[in-house]
Number of protein chains: 2
Amino acid sequence: MKSYKQRCGLAKALDLVGDRWVLLIVRELLIRQGCRFTDLKNGLPGIATNLLSARLKELEASGVIRRQEEPPPIATTLFHLTDRGRALEPAVQLLGAWGAPLLSKSRKEDAVLAHWIVLPLRQHLRDHTPNAPPVAVELRSEGQPIVISAAAGTLEVHLNSAQNPRAIVKGSSIQILSLLLGKTELKAAQSGGVQITGDLNAVRRFAPDSASPAARSGRET
Amino acid sequence: MKSYKQRCGLAKALDLVGDRWVLLIVRELLIRQGCRFTDLKNGLPGIATNLLSARLKELEASGVIRRQEEPPPIATTLFHLTDRGRALEPAVQLLGAWGAPLLSKSRKEDAVLAHWIVLPLRQHLRDHTPNAPPVAVELRSEGQPIVISAAAGTLEVHLNSAQNPRAIVKGSSIQILSLLLGKTELKAAQSGGVQITGDLNAVRRFAPDSASPAARSGRET
DNA sequence: CCGGATCCGGGTTGATACTG
DNA sequence: CAGTATCAACCCGGATCCGG
């Protein structure tokens, strides 16, 4: 698209990332560093391949992403965010948070991909017993599983399989997100179709409910 | 533009404010609540009137702005942000901050409007002697003057004339911004063409330099 | 002047087909 | 898998016009 030609930080930012699809491409790369072209295409339902190709070239030229030829056994090129691109995360998170209330009006025709819950999880998930031993929980809906790993007060949310999960949560991504962000109680989630195997307390560590010890220690009573 | 049709907060936000010009319209309204159509047009060099008109309708329909018919003596309609629209400020500020480094590569053909420095001032300006008595400083370049008012640790930056400014700073908006954000020393700014009348210490309160008392009290030595 | 509405040429997007 | 090619539909920018 054309530049706004305004000497203003916002206008300059939009010159680079204001085009259609661009911030969604950044979202995909924030969720999963090292995407193949096809991964991006699958994560962006509706995008045309020529447009994706053109955007990737523009983003590379402006220093937001970097393409990296991988030798076998991958034998393809992976797209990464540069440091500069990763610096967009706070702005992307804030815009996403602003749009979150609109999700309630989401239409049935809207696409839903499970990995889109990674960004809200990274922003809002809390470890309510940070001094407890490290633990990993795996989330499974469609597509690649998501791993939450908590250790020493730090929390990471990634897109891949856990080596040794203390619990596995299966269900629709929407229900899992609602559970982990405390909008649904654990029992309600379970009767709504969420299946949890393994240590229930590992889940309660992030989603304390009224019956959980973390709820008592994490709440100021 | 068309909806992305993705159940994702970021995508929903971009459905509303991702269209061309939209975030710049929001910027104008953040700087100056209560804009006339013509004020917006002047603040957005390059926009076509039909596009501005269409965007305003869409933004009103989506609850981001509100139009208000004013009786005489104004006798026109003013556009305001709603609370929901004002909630975009953090995201807009973050995007603008991300784009700020690109300003150094700004072309000569880029438009420059003095009031665009209001957002960076609001974000970065600091009162280095918050316990001192209230004070107002007026900034003058082209267009409407800008007023900084500091009182009891709070800082406000507005677009209009001060009742009783302790100091008046005249110069190009870029130089003034550079001075107030501490990138230029006061003396260097003055020899660069910035004229200050009134109490120099009122300016030093925001832009302490090596010779200023605020520099010593505000710095951890 | 203010606040648009209308029209038009050119550029961008979206959908699909095709290729190495 | 990773794009390129093609083409219709749509959108944008610029100019013009018009009622208060």
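Only heavy atoms go into these numbers, but all of them, side chains included; no hydrogens, no water, no symmetry mates. Here is the naming used below: chain letters follow the sequence lines, and residue numbers restart at 1 for every chain. Every value quoted in this text rests on a predicted model; they were computed, and no experiment measured them.
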Is [X] near enough to [N] that one of its side-chain N or O atoms lies under 4.0 angstrom from OP1 or OP2?
| X | N | value |
| --- | --- | --- |
| B/Thr76 | C/dG3 | yes |
| B/Ser53 | C/dA5 | yes |
| B/Trp21 | D/dC12 | no |
| B/Lys41 | C/dC1 | no |
| B/Arg20 | C/dG11 | no |
| A/Lys57 | D/dT4 | yes |

Protein-nucleotide distance ([X], atom [atom1]; [N], atom [atom2]), rounded to Å:
| X | N | atom1 | atom2 | answer |
| --- | --- | --- | --- | --- |
| A/Asp19 | C/dG14 | CG | C1' | 15 Å |
| A/Leu24 | C/dG14 | CG | P | 11 Å |
| B/Leu52 | C/dG4 | CG | P | 8 Å |
| B/Leu78 | C/dG4 | CG | C1' | 16 Å |
| B/Lys2 | D/dC11 | NZ | P | 9 Å |
| B/Ile47 | D/dA15 | CD1 | C1' | 16 Å |
| A/Asn42 | D/dA2 | CG | C1' | 12 Å |
| B/Ile25 | D/dC12 | CD1 | P | 11 Å |

(message) Check this for me, if you would: do B/Lys2 and B/Asp15 make a salt bridge, where the nitrogen-to-carboxylate-oxygen distance has to be below 4.0 angstrom?
(response) no

(message) Any salt bridge linking A/Arg67 with A/Glu69? Criterion: basic side-chain nitrogen under 4.0 Å from a carboxylate oxygen.
(response) no

(request) For B/Trp98 and A/Glu89, test the side chains for any donor-to-acceptor distance below 3.5 angstrom and give the result as yes or no. (result) no

Counting only side-chain heavy atoms from C-beta out, which of [options] sits nearest to [X]?
| X | options | answer |
| --- | --- | --- |
| A/Thr77 | D/dG3, C/dG3, D/dG13 | D/dG3 |
| B/Phe37 | C/dT13, C/dG4, D/dG13 | C/dG4 |
| B/Leu51 | D/dC12, C/dG4, D/dG3 | D/dC12 |
| B/Thr49 | C/dG4, C/dC2, D/dG3 | C/dG4 |

(message) Does the plane of the ring in A/Trp21 sit parallel, tilted or perpendicular to the ring in B/Tyr4? Use 30° and 60° as the thresholds.
(response) perpendicular

(request) Report yes if the side chains of B/Gln195 and B/Gln190 come closer than 4.5 Å at any heavy-atom pair, otherwise no. (result) no

(message) Let's test your reading of the model: under 3.5 Å, does the base of D/dG14 pair with the side chain of B/Asn50 as donor and acceptor?
(response) yes

(message) Reading DNA chain D from 5' onward, which residue's closest nucleotide shows up sooner: B/Arg55 or A/Ala54?
(response) A/Ala54

